[in-house]
Trainee: 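Here it is, the structure, as structure tokens.
Chain letters run A, B, ... following the sequence lines, proteins first and then strands; every chain starts at 1.
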2 protein chains.
Amino acid sequence: MDIRKFLLSTFLFDSFSEKEIDLLVNFASIKKVNKGEQIFSEGQEASAFFIVISGKVKIYKLSPDGKEHTLHIHGKGETVAEAAIFDSMDYPASCMAIEDSVLVRISREGILSLIRKYPELAFKMMSGYSRRLRQFVQKIEELSLKDIKSRLAGYLLENSFEEGGALIYNLSCSKKEIASLLGTIPETLSRALAFLKQKNLISEKNNTIIIKDPEKLKLFSG
Amino acid sequence: MDIRKFLLSTFLFDSFSEKEIDLLVNFASIKKVNKGEQIFSEGQEASAFFIVISGKVKIYKLSPDGKEHTLHIHGKGETVAEAAIFDSMDYPASCMAIEDSVLVRISREGILSLIRKYPELAFKMMSGYSRRLRQFVQKIEELSLKDIKSRLAGYLLENSFEEGGALIYNLSCSKKEIASLLGTIPETLSRALAFLKQKNLISEKNNTIIIKDPEKLKLFSG
DNA sequence: CGTTGCGTTGATCTCTATCAAAAAAGGTGG
DNA sequence: CCACCTTTTTTGATAGAGATCAACGCAACG
């Protein structure tokens with residue numbers, strides 16, 4: 001795994017230049033952990049934060065009587081413990097791998113000194129957050145205010161590209177996964193697709209969806 | 001209200017010196033709004049962010065057909081729209097006062113120049129972002145895979161506090177607002193509350209909800 | 001071929017939004 | 001304190017969207 005390439009694909013660092021990534025890499029390292037392995041513990045000094053390359057980790061707290069309470073589960077592309085890095089000395093909770101996982105570790109001192117030296121980097125990171133938050137706001141809006149057909153229409157428009165004068169969406173992953181992305185189940189997705197086909201807005205052939213009427217589809221997406 | 005004193009009490013600026021506050025004040029102004037008054041609207045250029053001095057505001061999205069979903073309710077000391085100003089774009093949602101409120105308005109240019117000068121400020125802002133990001137992730141999960149009763153149970157547990165040995169939640173805003181926050185409507189919220197009362201998990205008195213059985217309620221929240 | 005997994009289709013059921021209306025809770029002015 | 005009005009909250013009945021359950025077609029694959 002190329003750590004540079006990975007960092008450039010994360011929302012925090014995707015607007016960094018090659019040079020800036022070079023600076024960052026000095027403070028970054030790859031950490032491989034097995035399932036069940038501890039990554040950090042509550043109360044330890046927060047010396048680094050992490051980004052998940054593959055696998056899954058959980059953030060949890062132990063109550064006084066030993067019971068465990070999971071706060072979050074973080075998967076691919078997600079950042080872990082960066083709040084602790086930026087505002088407190090110690091990790092406020094513990095972290096353990098729940099699958100064999102690969103992480104990037106970025107040291108606290110590293111990132112802090114980098115930002116002190118190059119405040120512009122902070123802007124880039126913050127605009128990364130900003131974009132990410134916007135995406136989530138949009139997703140929440142879609143989940144709560146739109147029905148499946150609209151969500152599907154919007155998704156197709158968002159993720160299609162032009163090819164030979166036609167708008168094309170490539171079914172690169174299973175419909176099961178797309179259903180999950182849209183917050184529904186395969187059966188319902190199938191029906192929604194059938195509906196759009198029946199309205200003659202799209203057609204499907206060879207794992208490819210052709211958007212026949214982008215204008216109407218857009219109207220449909222709300 | 002002394003704006004300096006207030007700024008010194010916020011988490012963003014509590015470590016500022018008198019001199020630094022002077023700088024900040026150049027970019028800051030007080031904004032008073034009445035209940036129901038619009039503070040900014042989705043799509044407007046994001047020219048400033050706010051900190052709530054008193055009262056409450058809500059961040060919400062409107063669907064084309066007029067349905068409303070509240071994303072956050074912000075009270076005293078909380079920052080509003082601070083993420084919107086970093087990628088020089090528009091407010092992704094609208095903001096309205098749900099009580100008579102007083103805010104500090106800090107201009108985009110102001111905070112940007114301040115961060116250039118005091119990169120430490122960026123750390124604080126980023127820790128706020130990462131927390132908000134997590135809230136959104138959780139909200140999305142809840143919206144897509146939990147029913148109202150579970151969401152309500154989770155919400156109560158998240159937002160309750162201990163007092164005299166009992167977990168209580170204070171109904172500081174109308175149930176209409178809470179319903180919107182949970183992605184539903186007052187009627188449905190009312191029924192969900194009735195259900196939890198009937199199961200003897202909670203009780204309500206004087207604008208206060210008492211969580212009688214946190215364990216079971218937790219089970220209920222999923 | 002059987003088997004396994006995905007995608008589609010059909011029937012049914014559950015949850016929640018909607019519509020309508022009653023009840024409760026706040027004001028306001030007398 | 002009471003009558004009156006407004007707003008909020010609750011309750012009831014209904015309808016619609018989507019989840020669930022079950023069955024089937026179809027391709028990939030040992």
Side-chain angles (χ1 to χ4, degrees), chain A residues 140-156 169-199 202-209 220-222, chain B residues 34-36 56 58 60-70 73 96-100 140-156 169-199 202-209 220-222:
Chain A
I140 290 171
E141 176 190 16
E142 292 186 343
L143 280 175
S144 62
L145 305 172
K146 291 183 180 173
D147 64 14
I148 294 281
K149 290 165 189 164
S150 318
R151 271 154 39 204
L152 174 58
Y155 174 80
L156 288 175
Y169 171 80
N170 221 299
L171 282 162
S172 52
C173 54
S174 72
K175 294 193 177 171
K176 201 162 114 185
E177 288 184 79
I178 296 171
S180 170
L181 254 153
L182 293 173
T184 185
I185 56 173
E187 291 96 319
T188 303
L189 171 62
S190 176
R191 286 183 243 266
L193 279 167
F195 175 85
L196 293 180
K197 284 174 200 162
Q198 182 249 311
K199 289 270 176 193
I202 63 171
S203 65
E204 184 176 354
K205 190 165 63 170
N206 297 348
N207 267 352
T208 302
I209 289 174
F220 222 95
S221 77
Chain B
N34 297 319
K35 176 175 172 175
K56 282 202 171 67
K58 67 176 172 189
Y60 64 99
K61 292 270 293 189
L62 278 182
S63 72
D65 56 336
K67 271 189 291 186
E68 177 181 321
H69 181 134
T70 301
I73 291 177
M96 177 184 284
I98 60 175
E99 295 175 4
D100 293 352
I140 289 170
E141 264 171 29
E142 292 187 344
L143 280 175
S144 57
L145 42 96
K146 287 185 182 174
D147 64 13
I148 295 281
K149 289 166 190 166
S150 317
R151 293 195 323 246
L152 174 59
Y155 173 80
L156 289 174
Y169 170 80
N170 220 300
L171 282 162
S172 56
C173 52
S174 74
K175 295 190 178 170
K176 198 166 101 187
E177 302 293 349
I178 295 170
S180 178
L181 203 54
L182 292 174
T184 186
I185 57 174
E187 291 97 316
T188 303
L189 171 62
S190 176
R191 286 183 241 268
L193 278 167
F195 174 85
L196 293 179
K197 284 174 200 162
Q198 181 248 313
K199 289 273 175 192
I202 63 172
S203 64
E204 184 177 355
K205 192 166 59 173
N206 296 347
N207 269 350
T208 301
I209 289 174
F220 221 95
S221 77

Trainee: Report all interatomic pairs (protein N or O, nucleotide N or O of nucleotides 14-18 of chain D) with separations under 3.5 Å.
Mentor:
| residue | atom | partner | partner atom | Å |
| --- | --- | --- | --- | --- |
| D:dG18 | OP1 | A:I148 | N | 2.8 |

Trainee: If you measure from OH on A:Y169 to CD1 on A:I202, what distance do you get to the nearest 0.5 Å?
Mentor: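 Rounded to the nearest 0.5 Å, the OH-CD1 separation comes out at 11.0 Å.
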
Trainee: To the nearest Å, how far apart are A:L143 CG and C:dC15 P?
Mentor: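 It works out to 20 Å between those atoms.
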
Trainee: Would you give me the side-chain donor-acceptor pairs under 3.5 Å for residues 142-149 of chain A, sequence neighbours excluded?
Mentor:
| residue | atom | partner | partner atom | Å |
| --- | --- | --- | --- | --- |
| A:E142 | OE2 | A:Q138 | NE2 | 3.4 |
| A:S144 | OG | A:I140 | O | 3.0 |
| A:S144 | OG | B:H69 | ND1 | 2.7 |
| A:K146 | NZ | A:S221 | O | 3.2 |
| A:D147 | OD1 | A:K149 | N | 3.4 |
| A:D147 | OD1 | A:S150 | N | 3.0 |
| A:D147 | OD1 | A:S150 | OG | 2.7 |

Trainee: Could you work out, with ring pair (Phe, Tyr, Trp, His ring centres under 6.0 Å) as the rule, every residue matching B:Y60, not counting sequence neighbours?
Mentor: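 If we apply the ring pair (Phe, Tyr, Trp, His ring centres under 6.0 Å) test to B:Y60, skipping adjacent residues, there are no hits.
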
Trainee: Write down the distance between CD (B:E142) and P (C:dT16), rounded to a whole number of angstrom.
Mentor: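 Between P of C:dT16 and CD of B:E142: 13 Å.
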
Trainee: How many angstroms lie between atom CD1 of B:I73 and atom CD1 of B:I98, to the nearest 0.5 angstrom?
Mentor: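 Going from the CD1 atom of B:I73 to the CD1 atom of B:I98 covers 4.0 Å.
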
Trainee: What are the two closest heavy atoms between B:N170 and B:N207, and how far apart are they?
Mentor: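 The pair with the smallest heavy-atom distance is OD1-O, 3.6 Å.
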
Trainee: I'd like a list of close polar pairs between nucleotides 12-14 of chain C and the protein, N/O only, cut-off under 3.5 Å.
Mentor:
none

Trainee: Between B:K67 (NZ) and C:dT16 (C1'), how many Å, whole number?
Mentor: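 Taking NZ of B:K67 and C1' of C:dT16, I get 11 Å after rounding.
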
Trainee: With sequence neighbours left out, what residues match B:N34 under side chain to side chain contact (heavy atoms under 4.5 Å, CB included)?
Mentor: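 Side chain to side chain contact (heavy atoms under 4.5 Å, CB included) list for B:N34, sorted by chain: B:E37, B:D100.
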
Trainee: Between A:E204 (CD) and C:dC6 (P), how many Å, whole number?
Mentor: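 In whole Å, C:dC6 P and A:E204 CD are 16 Å from each other.
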
Trainee: Using whole Å, report how far CZ of A:F195 lies from P of C:dT8.
Mentor: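 Whole-Å distance recorded here is 16 Å.
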
Trainee: Roughly how far apart are B:F220 CZ and B:L196 CG, rounded to 0.5 Å?
Mentor: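 With rounding to 0.5 Å, CZ (B:F220) is 6.0 Å from CG (B:L196).
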
Trainee: Would you check, one step at a time, whether the test side-chain contact (heavy atoms from CB on, under 4.5 Å) holds for B:F195 with B:K199?
Mentor: CA-CA 6 Å; B:F195 174 85; B:K199 289 273 175 192; 3.5 Å; yes

Trainee: Could you list the donor-acceptor pairs under 3.5 angstrom formed by side chains in residues 179-193 of chain A, with sequence neighbours left out?
Mentor:
none

Trainee: Bend across the helix from C:dC1-D:dG30 to C:dG30-D:dC1, to 10°, with axes taken over 5 pairs at each end?
Mentor: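 Inter-axis angle at the ends, rounded: 40°.
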
Trainee: Please enumerate all residues that pass side chain to side chain donor-acceptor pair (under 3.5 Å) together with A:K197, with sequence neighbours excluded.
Mentor: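 Per chain and number, A:K197 pairs via side chain to side chain donor-acceptor pair (under 3.5 Å) with A:E204.
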
Trainee: Round to the nearest Å and state the distance from B:L189 atom CG to D:dT8 atom P.
Mentor: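 Atom-to-atom, B:L189 to D:dT8, this comes out as 14 Å.
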
Trainee: Specify the closest pair of heavy atoms between B:L171 and B:T208, including all atoms of both residues, with the distance to one decimal.
Mentor: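 Shortest heavy-atom contact: CD1-N, 4.3 Å.
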
Trainee: Give me each pair satisfying salt bridge (Lys or Arg N to Asp or Glu O under 4.0 Å) with a member in residues 177-186 of chain B, each pair once, sequence neighbours excluded.
Mentor: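 Listed once each, the pairs are B:K58-B:E177.
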
Trainee: Drop me the distance from B:S172's OG to B:E99's CD, to the nearest 0.5 angstrom.
Mentor: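 Going from the OG atom of B:S172 to the CD atom of B:E99 covers 7.5 Å.
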
Trainee: Residues in side chain to side chain donor-acceptor pair (under 3.5 Å) with B:S203, at least two apart?
Mentor: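 Here no residue qualifies.
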
Trainee: Tabulated below should be each protein N or O lying under 3.5 Å from an N or O of nucleotides 21-30 of chain D; please produce it.
Mentor:
| residue | atom | partner | partner atom | Å |
| --- | --- | --- | --- | --- |
| D:dC21 | N4 | A:E187 | OE2 | 3.3 |

Trainee: Quick check on contacts: within residues 171-182 of chain A, what sits under 4.0 Å from DNA chain C by heavy-atom distance?
Mentor: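 Residues of residues 171-182 of chain A under 4.0 Å from DNA chain C: A:S174, A:K175, A:K176.
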
